Student: 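Quick one: this structure, given as structure tokens, is what I'll be asking you about.
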Amino acid sequence: LTSVELNPGVIALKVYPDGRINYEIIKTNKQTSTESKFDFELKKVFVKGVQFRYWNGITGQDYAARVHKMWLKGNFNEKQFLLASTSNLLLNYVKNQGVTLIRQKPVEFDIHLKIDKEKNLLMIDWLFSFTF
């Protein structure tokens with residue numbers, strides 16, 4: 001599989017007040033000492049017309065956007081998660097503790113994300129562009 005297209009769709013990521021999440025991709029099996037082995041690469045994912053929302057019930061953060069165009073690529077295995085993305089979207093809102101900080105702004109961004117489970121590491125490198 002060399003490419004995937006998502007059009008349209010909804011992505012709703014949640015962190016519940018008790019700490020549970022609905023988006024864990026790399027999960028270890030606590031009942032056995034061996035992890036399932038997987039390793040795959042996404043060479044080209046194109047996303048268009050997708051609604052995105054992130055809500056965190058612990059911190060009170062709430063983000064919503066409509067993705068016009070987004071390209072993704074990445075490498076994933078049981079130890080590391082590497083993702084690169086370029087996007088053009090409409091940021092519907094950014095809220096913190098119910099207070100709206102940003103509303104209805106066009107945004108362009110490039111982002112690189114690395115998660116390393118062995119080192120308990122999360123690295124995000126990004127460049128955002130939008131006008132107030």
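Everything quoted here is computed from the prediction, not taken from an experiment. One is the number of the first residue; the rest follow in order along the sequence.
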Student: Where do Glu108 and Asn88 come nearest, in terms of heavy atoms and distance?
Tutor: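 Closest approach of Glu108 to Asn88, heavy atoms only: OE2-ND2, 3.7 Å.
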Student: Could you pull out all residues at least two apart from Tyr93 that satisfy ring pair (Phe, Tyr, Trp, His ring centres under 6.0 Å)?
Tutor: none
Student: Minimum heavy-atom separation for Gly49 to Pro8, with atom names?
Tutor: O-CB, 3.4 Å
Student: A side-chain contact here means heavy atoms from C-beta on lying under 4.5 Å apart; do Gln80 and Ile115 qualify?
Tutor: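 Counting from C-beta outward, Gln80 and Ile115 never come under 4.5 Å.
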Student: Which value, rounded to the nearest 0.5 Å, describes the distance between Leu13 atom CG and Tyr63 atom OH?
Tutor: 12.0 Å
Student: Given the rule that I, L, V, M, F, W and Y join up when any side-chain heavy atoms are under 4.5 Å apart, are Phe76 and Leu82 in one cluster?
Tutor: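 No, separate clusters.
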Student: Quick check: is Tyr54 connected to Phe81 through a chain of hydrophobic side chains (ILVMFWY, heavy atoms under 4.5 Å apart)?
Tutor: yes
Student: What are the two closest heavy atoms between Asn92 and Gln51, and how far apart are they?
Tutor: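 Reported closest heavy-atom pair: ND2-OE1, 3.8 Å.
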Student: Working to the nearest 0.5 Å, report the span between CD of Glu41 and CG of Asn77.
Tutor: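 Result: 11.5 Å between the selected atoms.
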Student: Taking it one step at a time, do Val94 and Arg103 satisfy side chain to side chain contact (heavy atoms under 4.5 Å, CB included)?
Tutor: CA-CA 7 Å; Val94 171; Arg103 177 176 290 286; over 6 Å; no
Student: As a quick check of understanding, evaluate side chain to side chain contact (heavy atoms under 4.5 Å, CB included) for Ile11 and Val50, giving each step before the final call.
Tutor: CA-CA 7 Å; Ile11 299 171; Val50 171; 4.0 Å; yes
Student: The criterion is side-chain contact (heavy atoms from CB on, under 4.5 Å); which residues satisfy it with Ile21, sequence neighbours excluded?
Tutor: Val15, Tyr23, Glu24
Student: Is it true that Leu91 and Val10 fall in one hydrophobic cluster, defined by side-chain heavy atoms closer than 4.5 Å?
Tutor: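 No; tracing contacts between hydrophobic side chains, which count when under 4.5 Å, never links both residues.
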Student: In Å and rounded to the nearest 0.5 Å, what is the NE2 to CG distance from His112 to Leu127?
Tutor: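 His112 NE2 to Leu127 CG: 10.5 Å, rounded to 0.5 Å.
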Student: Quick one, Leu113 with Leu122, criterion side chain to side chain contact (heavy atoms under 4.5 Å, CB included). Give me CA distance, side-chain angles, the key distance, then yes/no.
Tutor: CA-CA 7 Å; Leu113 172 68; Leu122 167 63; 3.2 Å; yes
Student: Can you name the side-chain contact (heavy atoms from CB on, under 4.5 Å) partners of Ile111, sequence neighbours left out?
Tutor: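 Applying side-chain contact (heavy atoms from CB on, under 4.5 Å) to Ile111 gives Ser85, Phe109, Ile124, Trp126.
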Student: Do we see a donor-acceptor contact under 3.5 Å between the side chains of Asn96 and Gln61?
Tutor: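 Side chains of Asn96 and Gln61: no pair found under 3.5 Å.
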Student: Leu90 versus His68: any side-chain heavy-atom pair under 4.5 Å?
Tutor: yes
Student: What is the minimum heavy-atom distance between Lys117 and Glu78, and which atoms define it?
Tutor: CD-O, 3.6 Å
Student: Could you see if Val67 belongs to whatever hydrophobic cluster contains Phe46? Use Ile, Leu, Val, Met, Phe, Trp, Tyr and a side-chain cutoff under 4.5 Å.
Tutor: no
Student: Just verifying a value: how many Å separate Thr100 OG1 and Lys95 NZ, rounded to the nearest 0.5 Å?
Tutor: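 One finds 4.5 Å between OG1 of Thr100 and NZ of Lys95.
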Student: In Å, rounded to the nearest 0.5 Å, how long is the span from OH of Tyr16 to NZ of Lys14?
Tutor: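 Spacing of OH (Tyr16) from NZ (Lys14) equals 4.5 Å.
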Student: Under the side chain to side chain contact (heavy atoms under 4.5 Å, CB included) criterion, do Leu72 and Leu42 qualify, and how do the steps go?
Tutor: CA-CA 8 Å; Leu72 301 164; Leu42 293 175; 5.9 Å; no
Student: Could you check whether any side-chain heavy atom of Lys43 comes within less than 4.5 Å of a side-chain heavy atom of Lys73, counting everything from C-beta outward?
Tutor: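 No - every pair of side-chain heavy atoms lies 4.5 Å or more apart.
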Student: Determine whether Val47 and Lys69 make a side-chain contact, defined as any pair of heavy atoms from C-beta on separated by less than 4.5 Å.
Tutor: no
Student: Hey, are Lys114 and Asp125 close enough for a salt bridge, meaning a charged N less than 4.0 Å from a carboxylate O?
Tutor: no
Student: Can a donor-acceptor pair be found, under 3.5 Å and without considering hydrogens, that links the side chain of Asn22 to the backbone of Ala12?
Tutor: yes
Student: First locate atom CZ of Phe52, then atom CG of Leu89, and finally report the distance between them rounded to the nearest 0.5 Å.
Tutor: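 If we round to the nearest 0.5 Å, Phe52:CZ and Leu89:CG are 9.5 Å apart.
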